Amino acid sequence: MEVRFFDLSRMSGSERAALYVRSGVNVSNLIPKVIPILDGIKNRGDAAVREFTAQFDGVDLSPERFLVSQSDMDEAVQSLSPELSDAIRTSLDNITRFHEAQREPETWSMEIRPGLVAGERTIPIDSVGLYVPRGKGSFPSMMMMSGVPAKVARVRRIVVATPPDANGAADRATLAVARLIGIHEVYALGGVQAIGAMCYGTETVPRVDKIVGPGSGFVMAAKQLVSTEIDTGMPAGPSEAIVFADDSVDVETAAVDLLIEAEHGPDSAAYLVCVDGEYARRVAEIIPKLIADLPEERRGYCEAVFRENGGVVLAADVEDAVNFINGFAPEHLQLMVREPWALVPQIRTAGEVLIGPFTPGTLANYSIGPNAILPTSGFARTASALSVRDFTRKMSFAEATEAAFLELAPKTLALTEYEGFAAHARALTLRLNATDVLSEK
């Protein structure tokens, strides 16, 4: 295979913009297939969930088997090898430490002016559904990344849905992580039927207030369709990364780091950006050799990525490179250049920035601490990583004393009259007149 090579100095603005378009998943094509599944679950509950689980996951699960038993979760913890158990516990500790730092004061208030007090309360969402995918592998890391912030936020009821295997069992490491976090309600359900069950509720699966977590194109389509009825959180689609490197890092390191997100799936995106033409070509030459050494499935994914949505990008200079990165708004950005910290203030749009040669995406995906569920498809321009804040809501409060009311009401009255809200105005004049009467007495 040959890796695509892009020289930005030879490209028009429209050609550059074309690189920003992810091949990804065309959700609009999937929506007609998803609508009848959601309608079935909405109207027939558990029976429809069972039917679609048999159809799409190849296992006939009675509703009594949807919910994973506590004994199965306990056994999952015990089944972990010592090495995997230690790795999970270390990652959980790091992720918890990071997310605990995100917790905000329960209440704050201020006196805006004499007699006028306002503030906010931070309140955990009552119930959330966490979708943990399984399609292209098992992802206990996603259980960590979604479960920890929900637990730190003190969500009252945390529900997990994760696809079953051919025997109807959820992934054991995912179950173990849920148990270690302190989550007890896990359903061996996946795909559209899991999203529908958590959105509408069934005889077995109670409805939740919000659903978060990445998934397949069908899951993305389902979340889009139910978003008018339930909060579906940040959009999280196929993985994507940009590695910005120079010759302070050897070409093999730069190339192999580029494959980290590429091996997630054929719809991922992965670009190396650099300003040295010779270095860029050397990286492009080694990428096919590294891909050839991967296991067959991952090799196929990476080959697809570099055919459709990946390659090596040569920028004219650092400013040109930064402009390209900000235009792309990658989910993951890795800076492997001589002075990476000098570039950080210039990066405006990225889900996360990994700094220096010893911070590969591998560490970030599992064990550093910041959340690895990140905005994709350019949504890094406006959205942030999953956090404790996604599992809370803000409720403002305010109080005006009589003196503050008398000062502010006449000014507010002018605004209500301009906008034509008579009842708004009446609420003010009623009090102003009553105050005048009382003052006369």
Side-chain angles (χ1 to χ4, degrees), residues 20-42 48-49 52-53 55-57 128-139 141-143 145-146 159-163 174 187 189-200 205 208-241 261-270 301 304-305 308-309 328-332 351 365 371-386 390:
Y20 299 155
V21 179
R22 282 62 157 177
S23 58
V25 177
N26 190 341
V27 172
S28 61
N29 290 339
L30 301 178
I31 283 177
K33 300 177 182 179
V34 170
I35 288 174
I37 302 173
L38 292 175
D39 286 345
I41 294 166
K42 187 175 185 178
V49 173
F52 293 124
T53 298
Q55 180 179 344
F56 299 120
D57 293 317
V128 297
L130 312 179
Y131 187 79
V132 180
R134 196 178 183 179
K136 299 184 181 74
S138 298
F139 299 107
S141 58
M142 291 295 97
M143 183 69 259
M145 294 297 176
S146 60
V159 173
V160 176
T162 189
T174 299
Y187 294 89
L189 299 173
V192 176
Q193 57 270 28
I195 301 302
M198 290 190 290
C199 172
Y200 303 122
V205 185
V208 298
D209 296 321
K210 182 172 184 175
I211 300 173
V212 303
S216 67
F218 286 95
V219 168
M220 292 169 62
K223 289 174 69 177
Q224 181 173 313
L225 283 167
V226 302
S227 63
T228 58
E229 302 188 45
I230 189 172
D231 185 350
T232 55
M234 169 192 66
S239 299
E240 54 190 49
E261 298 305 320
E263 73 168 348
H264 276 220
D267 47 7
S268 298
Y301 292 164
V305 168
E308 302 291 336
N309 222 28
F328 191 93
E331 176 189 20
H332 306 273
N365 284 345
N371 210 289
I373 300 177
L374 300 160
T376 61
S377 304
F379 282 102
R381 296 182 184 92
T382 57
S384 307
L386 190 72
D390 289 287

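As the structure is a prediction and not an experimental result, all values here were calculated from the model.
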### Task
For side-chain contact (heavy atoms from CB on, under 4.5 Å), just list the numbers for D390 and K210, CA-CA rounded to whole Å, side-chain angles, deciding distance to a tenth of an Å, and then say yes or no.
CA-CA 9 Å; D390 289 287; K210 182 172 184 175; 3.9 Å; yes

### Message
Show, in sequence, the C-alpha distance, side-chain angles and deciding distance for V208 and I230, and conclude whether the side-chain contact (heavy atoms from CB on, under 4.5 Å) test is met.
### Response
CA-CA 8 Å; V208 298; I230 189 172; 4.0 Å; yes

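Considering every non-hydrogen atom in both P32 and P36, the closest pair reads O-CD, 3.1 Å. Between P133 and P163, the shortest heavy-atom contact is C-CD, 4.2 Å. Closest approach of P214 to M142, counting heavy atoms only: CG-SD, 3.9 Å. Counting all heavy atoms, side chain and backbone alike, I41 lies closest to Q193 at CD1-CA, 3.2 Å. Residues M234 and K223 share a closest heavy-atom pair of O-NZ, 4.3 Å. Between E229 and C199, the shortest heavy-atom contact is CB-SG, 4.4 Å.
Rounding to the nearest 0.5 Å places CG of L225 at 4.5 Å from CD1 of I31. Atoms CD1 and CG, from I211 and D231 in turn, are 9.5 Å apart once rounded to the nearest 0.5 Å. Distance OG/S216 to CG/D267: 10.0 Å, rounded to 0.5 Å.
Using a 4.5 Å heavy-atom threshold, the side chains of F218 and I195 count as separate. Proximity of F52 to V192: side-chain heavy atoms (C-beta onward) are nowhere separated by under 4.5 Å. Inter-residue side-chain proximity for V160 and L130 is flagged as met; some heavy-atom pair is nearer than 4.5 Å. Contact of the Q224 side chain with the T232 side chain is not registered, since no non-hydrogen atoms from C-beta on lie closer than 4.5 Å. A heavy-atom distance below 4.5 Å is not found between the side chains of M198 and L189. Using a 4.5 Å cut-off on side-chain heavy atoms (C-beta onward), V205 and V49 make no contact.
A side-chain donor-acceptor contact under 3.5 Å links E261 and N365.
The salt bridge (Lys or Arg N to Asp or Glu O under 4.0 Å) search around E331 returns none, not counting sequence neighbours.
The backbone N or O of V132 lies less than 3.5 Å from a partner atom in the side chain of T162, making a donor-acceptor pair. Of the possible donor and acceptor atoms, none in the side chain of Y131 sits under 3.5 Å from a partner among the backbone N and O of G190.
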List, one per line, each side-chain donor-acceptor pair under 3.5 Å for residues 371-386, sequence neighbours excluded.
from	atom 1	to	atom 2	distance (Å)
N371	OD1	I373	N	2.9
N371	ND2	H99	NE2	3.2
N371	ND2	M145	O	2.6
N371	ND2	L386	O	3.4
T376	OG1	G237	N	2.7
R381	NH1	G378	O	3.1
R381	NH2	G327	O	2.5

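Under the 30°/60° scheme for interplanar angles, the aromatic rings of F328 and Y20 are found to stand perpendicular.
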